[in-house]
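Predicted model only: the values in this text are computed from it and were never measured. Starting from 1, each residue takes its place in the sequence as its number. Numbering of ligands and ligand atoms starts at 1, following listing order.
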Amino acid sequence: MTEQGSHDEAAAAQEAEWAGRERRGTGGWDEVLATEQHLVSPGAEWRSGLYRVALEQFERAAGALGLDPDIRERLLEPRRSLVVNFPIRRDSGEVQEFTGYRVQHTLAMGPAKGGIRLAPGVSLGECAALALWMTFKCALLELPFGGAKGGVRCDPNRLSESEIERIIRRYAAEISPIIGPDRDIGAPDMATGEREMAWFMDTYSQQVGQAVPEIVTGKPPVLGGTEGRRAATGLGVVFAAEAALEHLGWEIRGKQVVVQGFGKVGSVIAEELQNRGASIVGVTDVAGGVANEEGLDLPALQAWVAEHDFIRGFPGGEKVGRLDVLEVPCDILIPAALEHQITDENAPRLDCKIVVEAANGPTTPEGDEILAQRGIPVVPDVLANGGGVTVSYYEWVQDVQREMWSGDEIATRLRKTMRAAMDRVLSAAESSGTDWRTAAQVLAIQRVAEASRLRSIYP
Ligand code: NAD
């Protein structure tokens, strides 16, 4: 029998089976669909490795809080999602389809806010998890936003600048029905920065017929970007680390630090901590890293990376793998690269006194549990890397009010916001006897739940 023949026969048998069911009144399509669990089981759309981590954290915090089951249901899944497919003309003249997403987790707190990424792994499930975390982050920092996330699935390293511009502009146009400066505000994320935000802002502005700088944050300063945005996330991590160390009775001066990731966030953290007297003993990027227990010469390393793009080959220390760097002995370990780095596999071997999560989701729930058993405190991502969205909020406020604040004013406000959030988490953890991550999430969920309860259900 040919392959086509066997397909036809199978299809005919299936149709006969369904028709028989219809005739016998045993359910027909409904029954067939009900057996297709992957199609109809609640929440199946969002499932992804990252969403599993986000949900486990949410459930743990909801349990600790004794969250009302109705509100729990409302917060478990995103409020609004848009999937778009659009064609882009490649430089070669060929037309290629791309898929983009925008997920808004909650609209109870005000407009949604969140990054726009270009990466091969962008999916509905990934955006849903990151949008949920953004809700927590905004609520914990007491910013008037719900969480959102979006992006386009592509490999930006294989696209030219003009192809990326066409993708960003078309994506902005495609998601314009659900975004707006009072509805959903974008921001840079993986492989997007000031340049992409300028294209995004211009496309949206062309659609509405006037300049709307407040549609995205992280713009170039001349288009309404703010002072201090570039360093905001890294600086916020340092302010959070400072507050945590103070609480533990430690000083930053003299501490040994390892940073995984040497991009926009990791490089600022390394520099700011060294300026405060810490010694950077290990650092890595995607191509590998370097370790030196005497402390790395950071200006020399920065000059090396500026010239060679990667840390690989830097002569000022021993070569170390991008994952092995996490096991280099230190006081403060800062994952600042990507998710799922500290797991049940390597957590038993970490040789540090505290972990400060600059990346989003760098520790799996299993890794987290091992760190807790080992008595290693973790300053959670939702708090530690909240400096970026905090300064984004300052940018949005300045755009809406047509104001310009100085760099000093931004840094002073950021320090105050980060320390106040850290203090709230420390006292909540102390009074409830939970770890810092659970305390942070309980505080965040409490705030979102309160807003959802007060707004009630329409109609
Ligand atoms: P980036 O792209 O500028 O830098 C990422 C760095 O990590 C690069 O040095 C890269 O080489 C390195 N890296 C990538 N894969 C790696 C791997 N497998 N092992 C080791 N190193 C690896 O990104 P960024 O803006 O610095 O973001 C870093 C993390 O911080 C991400 O998790 C991001 O979601 C999070 N974050 C960033 C911001 C922000 O404002 N940029 C805000 C909040 C959270």
Practice task
For the pair Asp331 (side chain) and Gln256 (backbone), establish whether a donor and an acceptor sit closer than 3.5 Å, ignoring hydrogens and angles.
Solution key: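 The answer is yes, because a donor-acceptor pair under 3.5 Å joins these two groups.
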Handout entry: Residue pairs passing the side chain to side chain donor-acceptor pair (under 3.5 Å) test where at least one lies in residues 410-421, sequence neighbours excluded
Key =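 Every pair satisfying side chain to side chain donor-acceptor pair (under 3.5 Å) with a residue in residues 410-421: Glu246-Arg419, Tyr394-Thr417, Glu409-Arg413.
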Practice task
Could you note down all residue pairs passing side chain to side chain donor-acceptor pair (under 3.5 Å) where residues 287-307 supplies at least one of them, sequence neighbours left out?
Solution key: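 Matches after skipping sequence neighbours: Glu271-Gln302.
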Problem - Residues Arg229 and Ser392: side-chain donor-acceptor under 3.5 angstrom - result: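 Checked: Arg229/Ser392 side chains pair up, N/O donor to acceptor below 3.5 Å.
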Problem - Non-neighbouring partners of Arg89 that pass side-chain contact (heavy atoms from CB on, under 4.5 Å), sequence neighbours left out - result: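 Partners of Arg89 by the side-chain contact (heavy atoms from CB on, under 4.5 Å) criterion, ordered by chain and then number, come out as Val95.
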Practice task
Identify, chain by chain and in numerical order, each protein residue with a heavy atom under 4.0 Å from an atom of ligand 1.
Solution key: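 Its neighbours under 4.0 Å (heavy atoms only) are Arg229, Thr233, Gln260, Gly261, Phe262, Gly263, Lys264, Val265, Asp285, Val286, Arg322, Ala336, Ala337, Leu338, Ala358, Ala359, Asn360, Asn385, given by chain and number.
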Practice task
State whether the number of non-hydrogen atoms from other residues, nucleotides or ligands found under 6.0 Å of Arg253 atom CZ is greater than 12.
Solution key: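 No - once you tally the heavy atoms of other residues, nucleotides and ligands closer than 6.0 Å, there are 12 at most.
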